[in-house]
Amino acid sequence: MRRSKLFLPTLKENPSEASITSHRLMLRAGMIRQASSGIYTWLPLGYKVLKNIENIIRIEQNLISQELLMPTIQDSAIWKKSGRFDDYGKEMLKFKDRHEHELIYGPTNEELITDIFSKNIMSYKSLPLCMYHIQWKFRDEIRPRFGVMRGREFLMKDAYSFDKNKEDAIKCYNRMFLSYLRIFNKMQLKAIPVAADTGPIGGDLSHEFIILAETGESDVFIDKNILNEDIPDIKYDDSEEILKLVNKLTSYYTAADDKHNENEYYKKVNEDDRLQTRGIEVGHLFYFGTKYSKPLDACIANIDGNNTPVEMGSYGIGVSRLVGGIIDAHHDEKGICWPESVAPYIVGIINLRVNDSACIELSDKIYNFLINKNIEILYDDRDEGAGIKLAEMDLIGIPWQIRIGPRGINNGFFELLNRKSGKIIEIPINETDNIIKNILG
RNA sequence: CGGGGCGUAGCGCAGCCUGGUAGCGCACCUGUUUUGGGAACAGGGGGUCGAGUGUUCGAAUCACUCCGCCCCGACCA
């Protein structure tokens with residue numbers, strides 16, 4: 001993509017509407033604009049990142065689940081049946097269509113997927129079944145804030161599992177646990193599983209995945225050692241190994257403020273290992289058994305021939321929130337430093353002198369070379385001062401910058417800069433292959 | 001919903017106290033010179049001062065009402 005053609009309205013100054021880092025940087029880097037309180041337009045650069053995050057989630061979730069797409073608008077009837085129409089309270093947006101029929105904008109989808117299940121699955125032989133979708137949700141938050149971190153409209157991945165008994169349901173829960181660890185790991189986030197309350201979703205087993213951040217909304221108390229745990233290479237069908245991993249990770253003391261117990265914390269964790277900070281919830285696992293299958297009559301014929309309510313769980317990831325979370329974890333004073341896995345462009349080319357024919361020739365050559373290698377690239381071909389272009393490339397956080405200017409060309413090289421480390425590699429002009437080696441190596 | 005703050009050009013702000021018909025920086029347009037970290041000079045365009053009502057000869061400025069946005073708290077992916 002040529003920068004001269006890209007809709008990328010960056011801001012030099014901090015907008016007054018933003019107070020925290022991720023929000024400020026998303027506005028300044030031209031990723032989002034606010035449409036209304038807690039509701040945002042995703043501009044091209046931000047949307048690319050959002051899509052990249054979605055795809056990381058997709059690739060990992062597809063190993064244990066199937067993707068479908070449910071609507072944003074739901075009929076209020078199923079919510080009345082589950083009892084949540086009233087329980088969910090003012091957070092749920094309710095409205096009527098032209099026939100005075102009551103609808104809601106889905107804050108989550110347990111009712112809808114349970115309804116689909118009950119109408120199409122009759123037997124335990126069709127289980128286990130796990131499905132997910134990535135869809136916009138609306139929760140009319142009391143106080144939206146921090147940009148996409150607590151929006152009213154937000155993109156969520158929500159998965160739902162159906163099993164014939166509790167034992168199988170827990171196995172699915174644990175597979176999700178592993179899947180979440182891998183997903184967050186791919187985004188270069190240290191997500192810590194924390195025992196959690198179940199809130200309006202309900203149920204008796206639940207973990208939140210929290211990333212540590214000073215701007216997080218809840219206090220967390222953890223045993224530092226959990227941060228050193230690696231994610232082992234386990235196959236998803238190896239329930240025993242997965243269980244061992246889950247048990248190991250959940251044996252560490254980790255708690256958000258609502259479940260924190262000071263005495264236990266002091267007893268269980270050495271003083272040097274205690275870490276009290278703030279965190280952002282990016283994922284949540286729930287096992288809730290038959291909480292929805294009973295009222296919505298989602299029953300299966302079980303092995304013994306009796307109809308029994310299906311065992312369920314649900315598993316959410318805040319996709320749009322992750323964009324903010326990743327920025328919070330990966331930025332410096334100049335701007336964003338995207339992990340390559342989610343970066344909107346992998347390489348940025350800066351032609352420092354757009355009226356110099358040698359610079360144009362080399363820039364175009366490298367641009368076309370990288371396009372042919374299927375590398376996402378942003379080519380700043382604008383007639384602007386060098387400082388403007390360098391500063392913007394830093395701000396929007398492109399992991400690799402290629403700088404082409406007369407100074408280098410006269411000495412037979414161009415520069416490849418790593419955004420995160422700041423290291424510059426000088427590459428001879430006719431060795432463009434070296435770009436690939438450095439980026440991938 | 002309780003507490004606090006804000007609303008003036010695309011962005012950041014001044015002007016308001018003490019009413020006299022709107023200004024600065026950045027950005028934008030034209031030209032010249034520049035060109036390796038947010039250039040210089042010259043010229044130019046852009047505003048129902050969040051909305052309504054009132055007070056007044058006259059309101060961005062004073063009063064009242066409403067709307068919107070942000071921050072702290074209770075709730076949550």
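Here the structure is a predicted model, which means the values were calculated and not measured. Chain letters run A, B, ... following the sequence lines, proteins first and then strands; every chain starts at 1.
Taking the P atoms as reference points, B:G4 lies 22 Å from B:G50, given to the whole Å. A distance of about 48 Å separates the C1' atoms of B:G31 and B:U56, rounded to the whole Å. One C1' atom belongs to B:U65, the other to B:C26, and the distance between them is 36 Å to the nearest Å. Remark: the separation of the C1' atoms in B:A9 and B:G54 is 29 Å, to the nearest Å. Separation of the P atoms belonging to B:C71 and B:C24 is 32 Å when rounded to the nearest angstrom. When the C1' atom is compared between B:G37 and B:C69, the two are found 34 Å apart, to the nearest whole Å. For the P atom pair drawn from B:G23 and B:U48, the interatomic distance equals 15 Å after rounding to whole Å. Between the C1' atoms of B:A40 and B:U34, the separation comes to 8 Å (whole Å).
Atom CD in A:Glu91 sits roughly 14 Å away from atom C1' in B:C1 (whole-Å rounding). One atom, NE2 of A:His284, and another, P of B:C75, lie 14 Å apart when rounded to the nearest Å. Between A:Asp258 atom CG and B:A77 atom C1' the separation is 15 Å, expressed in whole Å. Atoms NE2 (A:His133) and P (B:A77) sit 16 Å apart, rounded to a whole Å.
The nucleotide B:U65 finds its pairing partner in B:A51, both defining distances of the Watson-Crick or G-U wobble pair being shorter than 3.5 Å. Using N1 to N3 plus N6-O4 or O6-N4 for Watson-Crick, or N1-O2 and O6-N3 for G-U wobble, each under 3.5 Å, B:C24 pairs with B:G12. B:A42: Watson-Crick or G-U partner is B:U30, with both key distances under 3.5 Å. Look at B:G36: it lacks any Watson-Crick or wobble partner with both distances under 3.5 angstrom. Using Watson-Crick or G-U wobble geometry with both donor-acceptor distances under 3.5 Å, B:A60 finds no partner in any strand shown. Using Watson-Crick or G-U wobble geometry with both donor-acceptor distances under 3.5 Å, B:A77 finds no partner in any strand shown.
Using a 4.0 Å cut-off between a side-chain N of Lys or Arg and a carboxylate O of Asp or Glu, A:Lys420 and A:Asp332 do not qualify as a salt bridge. The pair A:Arg278-A:Glu217 does not count as a salt bridge, with every side-chain nitrogen at least 4.0 angstrom from each carboxylate oxygen. Salt bridge A:Lys12/A:Glu392: absent, no basic N to carboxylate O contact under 4.0 Å. Between A:Arg58 and A:Glu54 a salt bridge is recorded (basic side-chain N to carboxylate O distance below 4.0 Å). Taking 4.0 Å as the cut-off between side-chain N and carboxylate O, A:Asp115 and A:Lys119 count as a salt-bridged pair.
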What's touching nucleotides 23-25 of chain B from the protein side, N or O pairs under 3.5 Å?
residue: B:G25; atom: N2; partner: A:Glu13; partner atom: OE1; Å: 3.0

Distances under 3.5 Å only, N/O to N/O: pair up the protein atoms with those of nucleotides 68-73 of chain B.
residue: B:C69; atom: OP1; partner: A:Ser36; partner atom: OG; Å: 3.3
residue: B:C69; atom: OP1; partner: A:Ser37; partner atom: N; Å: 2.8
residue: B:C69; atom: O3'; partner: A:Gln34; partner atom: OE1; Å: 3.4
residue: B:C70; atom: OP1; partner: A:Gln34; partner atom: NE2; Å: 2.8
residue: B:C70; atom: OP2; partner: A:Ser37; partner atom: OG; Å: 3.1
residue: B:C72; atom: OP2; partner: A:Arg143; partner atom: NH1; Å: 3.2
residue: B:C72; atom: OP2; partner: A:Arg143; partner atom: NH2; Å: 2.6
residue: B:C72; atom: N4; partner: A:Arg143; partner atom: NE; Å: 3.4

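For the pair A:Lys137 and A:Phe154, the cation-pi criterion (under 6.0 Å, within 45° of the ring axis) is not fulfilled.
Looking at residues 316-329 of chain A, you'll see A:Ile317, A:Gly318, A:Arg321 sit with a heavy atom under 4.0 Å from some atom of RNA chain B.
The two atoms that bring A:Gly279 and A:Val220 nearest to each other are N-CG2, 4.1 Å, heavy atoms only.
Contacts classified as salt bridge (charged side-chain N to carboxylate O under 4.0 Å, His left out) and involving residues 23-33 of chain A (residues at least two apart or in different chains) are not found.
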*Could you walk me through whether A:Arg84 and A:Glu111 pass the salt bridge (charged side-chain N to carboxylate O under 4.0 Å, His left out) test, one step at a time?*
CA-CA 9 Å; A:Arg84 281 209 294 182; A:Glu111 281 79 359; 2.7 Å; yes
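The aromatic rings of A:Phe286 and A:His284 lie parallel to each other, with less than 30° between the two planes, well short of the 60° mark.
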_Annotated protein contacts, base or backbone, on nucleotides 28-41 of chain B with a non-hydrogen cut-off under 4.0 Å, one of B, S, - each_ = -------BBBB---
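Partners of A:Lys190 by side chain to side chain contact (heavy atoms under 4.5 Å, CB included), not counting sequence neighbours, listed by chain and number: A:Leu227.
Residue A:Lys186 qualifies as enclosed at atom NZ: its count of foreign heavy atoms under 6.0 Å is above 12. In the displayed structure, A:Glu361 atom CD is contacted under 6.0 Å by at most 12 heavy atoms of other residues, nucleotides or ligands. Counted within 6.0 Å of CZ on A:Phe413, heavy atoms from surrounding residues, nucleotides or ligands total more than 12; the atom is thus considered enclosed.
Within the 4.0 angstrom heavy-atom criterion, only backbone atoms of the sugar-phosphate kind lie near A:Glu281; the bases stay farther away. No contact: A:Val354 has no heavy atom under 4.0 Å from any strand.
Within the 3.5 Å criterion, the main-chain N or O of A:Ala196 finds no donor-acceptor partner in the side chain of A:Asp258.
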